[in-house]
Amino acid sequence: MKITWLGHASFRIETAETVILLDPWLSGNPSFPDFQRESVLRDVTHILVTHGHGDHASQAEEIARETGAAVVGIYDWVSWITEGSEVEGIGFNKGGTVQLGDAAVTMVNAVHSSSASGPTGPIYTGAEAGYIIAVGEIVLYVMGDTDV
């Protein structure tokens, strides 16, 4: 497994079968150099999102269109992102596990807020979540923006 920090809460997680972008905020991220975008998006299979805030989720649909990767996250947000679009989605809920290639991803509780900017104020985008990502003997805990 190879894990690359992309700035803020964004990571690229590579396994033998899967390439996951976690909370991909690339454009406008002060810690992410734009010249690396092409290499970071290469071979991406899934986009895993913890919650709907712009610095975690706003570029997921765009990247999914560009790469063909499926967006993965809380059912409400995935349904909202994929409605009427050509983007593939895998929505599930806390306590559930999905298999993304060789990675088993279990959604767990997180404590934060989850919304996107709308024309008249925030739009609820489903509950915030964390993830347990297991690939063989390696297990990662992704907290998202949860509190202590």
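Since this is a predicted model, take the numbers as computed values, not measurements.
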What distance do [X] atom [atom1] and [Y] atom [atom2] have between them, rounded to the nearest 0.5 Å?
X: Glu61; Y: Trp80; atom1: CD; atom2: CH2; result: 8.5 Å
X: Ile13; Y: Leu48; atom1: CD1; atom2: CG; result: 7.0 Å
X: Ile3; Y: Ile20; atom1: CD1; atom2: CD1; result: 10.0 Å
X: Thr67; Y: Glu62; atom1: OG1; atom2: CD; result: 10.0 Å

Note: with side-chain heavy atoms under 4.5 Å as the link, the other cluster members for Val108 come out as Ile132, Val139, Tyr141, Met143
For Phe35, the hydrophobic cluster (side chain heavy atoms closer than 4.5 Å, chained through members) also holds none
Exercise for the section: Taking atom CZ of Phe92 as the centre, report whether more than 12 heavy atoms of other residues, nucleotides or ligands fall under 6.0 Å from it. Expected result: yes
### Task
Give a yes or no on this: more than 12 heavy atoms of other residues, nucleotides or ligands lie within 6.0 Å of atom CD of Glu83.
no
Contacts satisfying side-chain hydrogen bond (donor to acceptor under 3.5 Å, both in side chains) that involve residues 121-138 (not counting sequence neighbours) are Ser114-Thr125
| said: Do Asp145 and His53 pair up side chain to side chain, a donor and an acceptor below 3.5 Å, judged on atom types alone? | reply: no
Quick one about His8 and Asp55 (side-chain donor to acceptor, distance below 3.5 Å, no hydrogens or angles considered), yes or no? yes
The single option from Asn29, Val40, Leu22 that satisfies side-chain contact (heavy atoms from CB on, under 4.5 Å) with Leu6 is Val40
In Val71, Asp23, Leu21, Val72, the residue satisfying side-chain contact (heavy atoms from CB on, under 4.5 Å) with Val49 is Asp23
Run the side-chain contact (heavy atoms from CB on, under 4.5 Å) test on Arg12 and Val44 for me, step by step, so that the C-alpha distance in whole Å, both residues' side-chain angles and the decisive distance to 0.1 Å come before the verdict. CA-CA 9 Å; Arg12 177 181 163 105; Val44 170; 3.9 Å; yes
Fill in: salt bridge (charged side-chain N to carboxylate O under 4.0 Å, His left out) between Arg42 and Glu66, worked out
CA-CA 10 Å; Arg42 188 173 299 123; Glu66 188 174 335; over 6 Å; no
